[in-house]
Amino acid sequence: MVDSGTQVHKSMPRSGLETLLSVLSQEGYRLVGPTISEGAIVFDDIATTKDLPIGWTDRQSPGRYRLEKSGDDRAFGFVVGPHSWKQFLFPAKETLHQATYDESAGMWRQSDDHTVATAFIGVRACDLAGIGIQDRVFIGGKYVDQGYHNRRHSHFIVAVNCLQAGDLCFCDSMGTGPEVKSGFDICLTELDSTFLVQAGSERGDSIVAQLPLAAASQDEHKALLTGLAQCRQSMGRQLDTENIEGLLFGNLEHPQWEDVSERCLACGNCTMVCPTCFCYSVDEVADLGDDPPQRERSWDSCFSQQHSKINGATFQPAIKDRYRQWLTHKLASWQSQFGTSGCVGCGRCIAWCPVGIDLTEEVAAIRVGAEEPVSMPACETVTIAPATEQDAGESTTPIFATTEATVAGVVTEAPKVATLALTMPVGYDYQPGQFNMLSLPGIGEVPISVSGDSDGAFEHTIHSVGNVSEALNGLEPGSTLGVRGPYGSSWPMALARSRPVTVIAGGLGLAPLRGVIRRLLEQAESGSRNGDTEWLRLIYGARHPEALLFTRELEQWRKNPAFRVAVTVDQSTSGWTGNVGTVITFLSRKRIPVESLYLVCGPEVMMLAVVRVLLDAQVPPEHIYLSMERNMKCAAGHCGRCQYGPYFICKDGPVLGYDKLSFLFGKRGF
Amino acid sequence: MTATANPERPRLGVFKLTSCDGCQLTLLDCEDELLLLAATIDIVHFPEGVSPARSEGPFDLAIIEGSVSTAEQLQEVKQIRSQSRVLVTIGACATSGGIQALRNFVSGEEDGFDEFRKAVYARPEYVDSLATSTPVSQHVAVDFELRGCPIDKRQLLELITAYLRGRTPAIKNESVCFECKRRGTVCVVVTDNTPCLGPVTHAGCGAICPAFRRGCYGCFGPRESAATESLATQMKNIGRSEQEILRSFRLFTAASPEFEKESKRHE
């Protein structure tokens, strides 16, 4: 926000509130504010102050919310209800785009944006903090959610200072309230017979100039300060946030998780009412007729099974896993990701939990008998203060912007596995380890790692495990598909140049590693490894000989004297004369050079076992790199589905050094 | 409506076992989309809506409504399965046994089933049925179970479209609470102490009942991870009797394993 230089409080008679609403209305804003409906104070369209819950207050306790007459005529004499402003900035359901290819723009058409400039009336300090947190998620990083961006920039915020705390409030603990400090256009403080008014932006200034204001008296200033102080002292809840990230990740097996999982319904209400929870799902929806298929997103939650599901399996099957995922993210790993807690202390999740689970009590219980906190790995945090005024987004990439690729060739590698070579849009390039989102309109979109490039085409090795991958593998040369990318981190090529490299792959895990091998061999040809023998090793295992990928290339690699290639199968079939046994058995029998760099990709159980063998052999964790897999939908760190502790696998991964993973890797339920 | 055979289009068969026909009616209720549907697929067998019925397969998509309640139906589902590429079941009867599965709770008792028959039918001796009413998936492999009593029209269209396009149906297995919150409905449990099965019930209806300030009756049956025991404790805490809790779980999807187990805890 621009410092307008007018951040002083002015006094406004109570009737001025009506003037404020009508001025905003005349300026073209849709007015949304608190109003009574269904026994609660909710946010809805309002026209005049008559629509506000004047004379009403709320009484809240865990799993319980009641309205009461307050005995005064305050318009904002309550705290927060079941709604938050999130529903206006990040709607519960939204069409992302229609799958119509725009020839002139060279991309799939984005959904039309129907932003209506809206004035939010009565935003509390905790909710302002909540909006600030979602700004970091949706517009604070490399990728911009255009719809959110447009809404955020056109909306006008009338904030309200809280002079009374609710029974479930703990904004003081979270450092988000009760005082409104920044991020508003106008801030009101409701006193006994007047309002204090403060402008927080140029937009706010121009509105404030039209209000009936007088200089604020000393008594009014004093009432503000004592009101805020009293509010801080009367918080209904407290949360000790001291080293909370290390505490929660250091106590993943604390008995309290089991205790809470017996009460938790996994109904998702806490996440839906939370002003900061941002997870969403993306679905293809198609009509029967000729209308183009649409891609829709809707609020999702880590309490749904589908949230963490890939290839028919879910990473968080138990309610305990889901509650732990939610709390460790909300209060802990959020810090690593966004440089702030994900909790603003509004208390909604406590009130609107049907069984009244209170996160402040859960944390307090975990502190009892807690193990030592762990130290968290350094993370790339989204800390950019989002430019909420005008030009944000110009240097960033719109999320979901999909272009068209053509299938140049198809190679069948193994049963249900094929490599599609794709002719990509001009200027496309990638680093080994990165992935693309491939899509077919009306069928869906999946993340596929790039398995190499040759003759200007980029290869994608795909295992048919679901409808989308099956449809992709059914494409013929010349067919087109949607592509966006590349996304994610890559294998550490700089580190790989200066030392011996051991590539360990299981099953389809060779695909994201083939590009590394090819690049390293190319570099060696140019003379960088002169004199070195066996500087590159590959240990590759598959279930059975038919499942081996890239068999012709494996043969070529074997002919290279500098490259030691070992292939093993779990089960041999007739005609197989090679090694039999798992990658782990094979690896355990071999010398494990401590100075080598280890690049590992395969099923997670295999990677876990490989890491154990390597660590036993004294390989330093920072020389072990793994490629991880989670449920990736947006590929931009927005949809929240691929969370893994402090990481979004789509953005911070898929390739991560083991030193960054060690505190969590192998723990079930993440 | 009459059906004309077209070898080019996918062949659809709609079958009915023991049920009230409400779910099949949902297909006819599609109105605007029905013509599009009829233009896209060949409705081969659909006695409720199309004549003549042609129950001979093969079917690219078979939709079954109703529970397996008689010995003939037991044979029929096997026959349908063997003729169908994709088999989906629709509605509470086909997916959990339906309201008629209330008899399952007395089937082990002497004359228990007879008591049920006598209570329902004037001439019970004419009724020849199995002692239990069971979901189709208990007897043959089912590719997708669409929940609801009755099913939701949009979900049915999504299911058919998804199979036509070769895509996974965008049908979520989350709780009803998700849908309640997405539409901005205020929770009836938290504001009114209204008993509500929403937290343990499979989504899909769009959370209709709470939007009219009534608790969820659980017509879509249990969601995955249905924490029925915790919800029953909550119902008890707001003053519901054991009998009321038992009846909440023993309704349209009484024989679904999760709800059956919970209702038995309150016998």
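Chain letters run A, B, ... following the sequence lines, proteins first and then strands; every chain starts at 1.
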Chemist: Non-hydrogen atoms of chain B under 4.5 Å away: do they reach the side chain of A:S37, the backbone, both or neither?
Modeler: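 For A:S37, backbone heavy atoms alone lie under 4.5 Å from chain B.
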Chemist: Is it the side chain or the backbone of B:R223 that comes within 4.5 Å of chain A heavy atoms, both, or neither?
Modeler: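 Side chain of B:R223 only, per the 4.5 Å heavy-atom cut-off to chain A.
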Chemist: Output the distance between atom CG (B:L12) and atom CG (B:L27), rounded to the nearest 0.5 Å.
Modeler: 7.0 Å
Chemist: Given heavy-atom pairs under 4.5 angstrom as the criterion, report whether the side chain, backbone, both or neither of B:N193 touches chain A.
Modeler: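 The answer is both parts of B:N193.
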Chemist: Quick one: which residues of residues 307-317 of chain A reach chain B at under 4.5 angstrom, heavy atoms only?
Modeler: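 Only A:P317 of residues 307-317 of chain A have a heavy atom under 4.5 Å from chain B.
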Chemist: Checking heavy atoms, do the side chain of B:L231, its backbone, both or neither come under 4.5 Å from chain A?
Modeler: both
Chemist: Distance alone, cut at 3.5 Å: any donor-acceptor contact between the side chains of B:S225 and A:R322?
Modeler: yes
Chemist: Inspect the contact between B:R154 and B:E158 and indicate whether a charged nitrogen and a carboxylate oxygen are less than 4.0 angstrom apart.
Modeler: no
Chemist: I'd like to know which of A:N269, A:V355, A:T271 tops the heavy-atom pair count under 4.5 Å against chain B.
Modeler: A:N269
Chemist: Considering only heavy atoms, which portion of B:L157 lies under 4.5 Å from any heavy atom of chain A: side chain, backbone, both, or neither?
Modeler: side chain
Chemist: Aromatic rings B:F249 and B:F259: how do their planes relate, parallel, tilted or perpendicular, breaks at 30° and 60°?
Modeler: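 Geometry flag for B:F259 against B:F249: perpendicular rings.
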Chemist: Heavy-atom distances under 4.5 Å only: say whether B:S230 touches chain A with side chain, backbone, both or neither.
Modeler: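 It is both, since atoms from each part get that close.
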Chemist: Does a donor on one side chain sit under 3.5 Å from an acceptor on the other, for A:S281 and B:K172?
Modeler: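 Their side chains do contain a donor-acceptor pair, which is all the 3.5 Å distance test asks for.
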Chemist: Tell me, side chain or backbone of B:R182 under 4.5 Å from chain A's heavy atoms, or both, or neither?
Modeler: both
Chemist: Give, as side chain, backbone, both or neither, the part of A:V42 having an atom under 4.5 angstrom from any heavy atom of chain B.
Modeler: side chain
Chemist: Tell me, side chain or backbone of A:P82 under 4.5 Å from chain B's heavy atoms, or both, or neither?
Modeler: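 A:P82 touches chain B through side-chain heavy atoms alone.
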Chemist: Taking all non-hydrogen atoms of both residues, which atom of B:V186 and which atom of A:A40 are closest, and how far apart?
Modeler: CG1-CB, 3.7 Å
Chemist: Check whether more than 12 heavy atoms from other residues, nucleotides or ligands sit under 6.0 Å from atom CZ of B:R265, and answer yes or no.
Modeler: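 Yes - once you tally the heavy atoms of other residues, nucleotides and ligands closer than 6.0 Å, there are more than 12.
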Chemist: Specify which of B:S175, B:G198, B:P169 makes the most heavy-atom pairs with chain A at under 4.5 Å.
Modeler: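 Highest number of pairs under 4.5 Å: B:S175.
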Chemist: State, to 0.1 Å, how close A:P91 and A:W299 come at their nearest heavy-atom pair, and which atoms those are.
Modeler: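 The pair with the smallest heavy-atom distance is O-NE1, 3.4 Å.
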Chemist: For the interface with chain B, which of A:C264, A:A92, A:A318, A:G81 has the highest count of heavy-atom pairs at distances below 4.5 Å?
Modeler: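 It is A:A92.
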Chemist: Does the side chain to side chain contact (heavy atoms under 4.5 Å, CB included) test come out yes or no for B:V88 and B:L146, once each step is laid out?
Modeler: CA-CA 7 Å; B:V88 302; B:L146 187 66; over 6 Å; no
Chemist: With under 30° as parallel and over 60° as perpendicular, where do the rings of B:F15 and B:F59 fit, or are they tilted in between?
Modeler: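 It falls in the perpendicular class, over 60°.
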Chemist: Let's test your reading of the structure: which of B:E33, B:K181, B:R183 forms the most heavy-atom pairs below 4.5 Å with chain A?
Modeler: B:K181
Chemist: In terms of heavy-atom pairs under 4.5 Å, which option from B:A162, B:G184, B:C180, B:A226 contacts chain A the most?
Modeler: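 Greatest number of close heavy-atom pairs with chain A: B:G184.
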Chemist: Specify which of A:A471, A:G466, A:S298, A:G39 makes the most heavy-atom pairs with chain B at under 4.5 Å.
Modeler: A:S298
Chemist: Among B:E244, B:E267, B:E262, whose salt bridge (Lys or Arg N to Asp or Glu O under 4.0 Å) with B:R250 holds?
Modeler: B:E267
Chemist: Given a strict heavy-atom distance threshold of 4.5 Å, which part of A:R64 is in contact with chain B: side chain, backbone, both, or neither?
Modeler: both
Chemist: Does any backbone or side-chain atom of A:A266 lie under 4.5 Å from a heavy atom of chain B? Answer side chain, backbone, both or neither.
Modeler: both
Chemist: Tell me, side chain or backbone of B:T233 under 4.5 Å from chain A's heavy atoms, or both, or neither?
Modeler: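 For B:T233, no heavy atom lies under 4.5 Å from chain A.
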Chemist: A quick test of your reading: do over 12 heavy atoms of other residues, nucleotides or ligands sit less than 6.0 Å from CZ of B:R247?
Modeler: no
Chemist: Output yes when a side-chain donor or acceptor of A:K416 lies under 3.5 Å from a complementary backbone atom of A:V465, and no otherwise.
Modeler: no
Chemist: Would you call A:R59 and A:E68 a salt bridge, taking side-chain N to carboxylate O under 4.0 Å as the test?
Modeler: yes
Chemist: Heavy-atom cut-off 4.5 Å, strictly under: side chain, backbone, both or neither for A:A351 against chain B?
Modeler: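 Contact with chain B is through the backbone of A:A351 alone.
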Chemist: Just give me the residue among A:R66, A:R263, A:E470, A:K93 that pairs up with chain B most often, heavy atom to heavy atom, under 4.5 Å.
Modeler: A:R66
Chemist: Salt bridge (charged side-chain N to carboxylate O under 4.0 Å, His left out) for B:D60 and B:R85? Distances and angles first, verdict last.
Modeler: CA-CA 5 Å; B:D60 293 292; B:R85 192 169 62 83; 3.7 Å; yes
Chemist: Side chain, backbone, both or neither: which part of A:L265 has a non-hydrogen atom closer than 4.5 Å to chain B?
Modeler: both
Chemist: Quick one about B:E174 and A:Q306 (side-chain donor to acceptor, distance below 3.5 Å, no hydrogens or angles considered), yes or no?
Modeler: no
Chemist: For residues A:N467 and B:T168, is any side-chain donor paired with an opposing acceptor at under 3.5 Å?
Modeler: yes
Chemist: Please rank A:D283, A:V468, A:L440 by heavy-atom pairs under 4.5 Å with chain B and give me the top one.
Modeler: A:D283
Chemist: Can you tell me which of A:G444, A:P354, A:C353 forms the most heavy-atom pairs within a distance under 4.5 Å of chain B?
Modeler: A:P354
